[in-house]
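Notes to accompany the following structure.
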Amino acid sequence: MSKVLTAVIPLPHAPVELRELPEPELEQNSALFDVTLSEVCGTDVHLQAGRLAGVPYPLIPGHVSVGHLSKIRGEMRDIDGHAFKEGDAVTFLDVHATCHACWHCLVAKSSTRCPARKVYGITYGMSDGLCGGWAQKMYLKPGTRCIRLTDDSFQRFMAGGCALPTALHAVERAGIRLGDTVLVLGGGPVGLSCVILALMRGALRVLCVGAPENRLSAARAAGAAATLNIETHDDNARLQWVLDQTNKRGADVTIEATGAPAAVVQAMRFTRDAGGVLIVGQYTDHGDVGFNPHLDLNRKHLDVRGCWGSDFSHFYRGAQIMLNPARSDAWSQLKLERYGLAQANEALAAVASGRAIKALIDPHA
Ligand SMILES: [Zn+2]
Ligand SMILES: [Zn+2]
């Protein structure tokens, strides 16, 4: 049986190692997926730093990937009922095993909080099989939701990557109206996709506050009207800048995509009275933060919402946008950096420092 080269995080704080694993036997209605590109995102940095709960180390990271179905046993169908064939170009929803039978799924209709939910490359470990994209091949278990792509859409799709469905969910949940001024805090992949999607959603102007400068210039290339660097502007200077940009009122809607708890309070202060605040950047626990409930929230009559994960609908619609060359053009402005499996540690360092706008793993490089 042939071997598959993979990159593995053995334990929290340990460097990524290369390992060769056997090609798996396929169960009925499962597939082998040849990885063309996978991504390196902030989640992978958190995984290596041991900052996520419930992760079964050792694991193969890489939760959003594109490639081809190289072997299918039984059948796998798309949501229109058409069977996939060997050789088809696809991506697949990284979330698997959402039960559609529990209180979260059926009553609260918040399937992203389903306790049965598993995620390839995050909560599936090596003991579950070839379940991460930092590998030449992956095992797609029965019930994995594949979405058709084309080879020429792979690069644009991966420029959005896992940030795309997250940002799509955030932008919709933020309730942006036609003509709004939207402030995005954070210039990482989620922030950049929020800039592009907020404009698509009808915002007249999108402002972006973040760092470092290469991310802010990417935000401007993606359509942001103005940007501010947090490395050279303190809290007061940032507030003043936002007021100057918004007729002294504050943004209509602010989307927080930073990971810094203090940014949640800033998001409230940078938003106009009766505006909306959407929190999507607090994916890991970085501790508590204080705010003034009277001044920052109640008196401002703010709508503040959280946003956790994404579901098939966000992922599917993100893929359809990327299949449209005109509508997805803004993502082709984002600079991609490719790394082979043996360079996974360099890729993680580039993402952790913010040096890379978007880092991808090419397992056949
Ligand atoms: Zn459920
Ligand atoms: Zn990710």
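Each ligand, and each atom within it, is numbered from 1 in the order the structure gives. Note that this is a predicted model, so its numbers are computed, not measured. What's counted below: heavy atoms across the whole structure, side chains too, no hydrogens, waters or symmetry copies.
Atoms NE2 of H63 and SG of C162, as seen from the Zn ion (ligand 2), are separated by an angle of 120°, to the nearest 10°. The SG atom of C105, the Zn ion (ligand 1) and the SG atom of C114 define an angle of 100° (nearest 10 degrees).
Side-chain contact, S65 with Y120: no donor N or O sits under 3.5 Å from an acceptor N or O. In summary, the side chains of T284 and H286 do present a donor paired with an acceptor at a separation below 3.5 Å, with no hydrogens or angles considered. Side-chain contact, D44 with H63: no donor N or O sits under 3.5 Å from an acceptor N or O.
Taking backbone and side-chain atoms together, H104 has no N/O/S atom less than 2.8 Å away from the Zn ion (ligand 1).
Centroid-to-centroid, the aromatic rings of H13 and Y57 stay 6.0 Å apart or farther.
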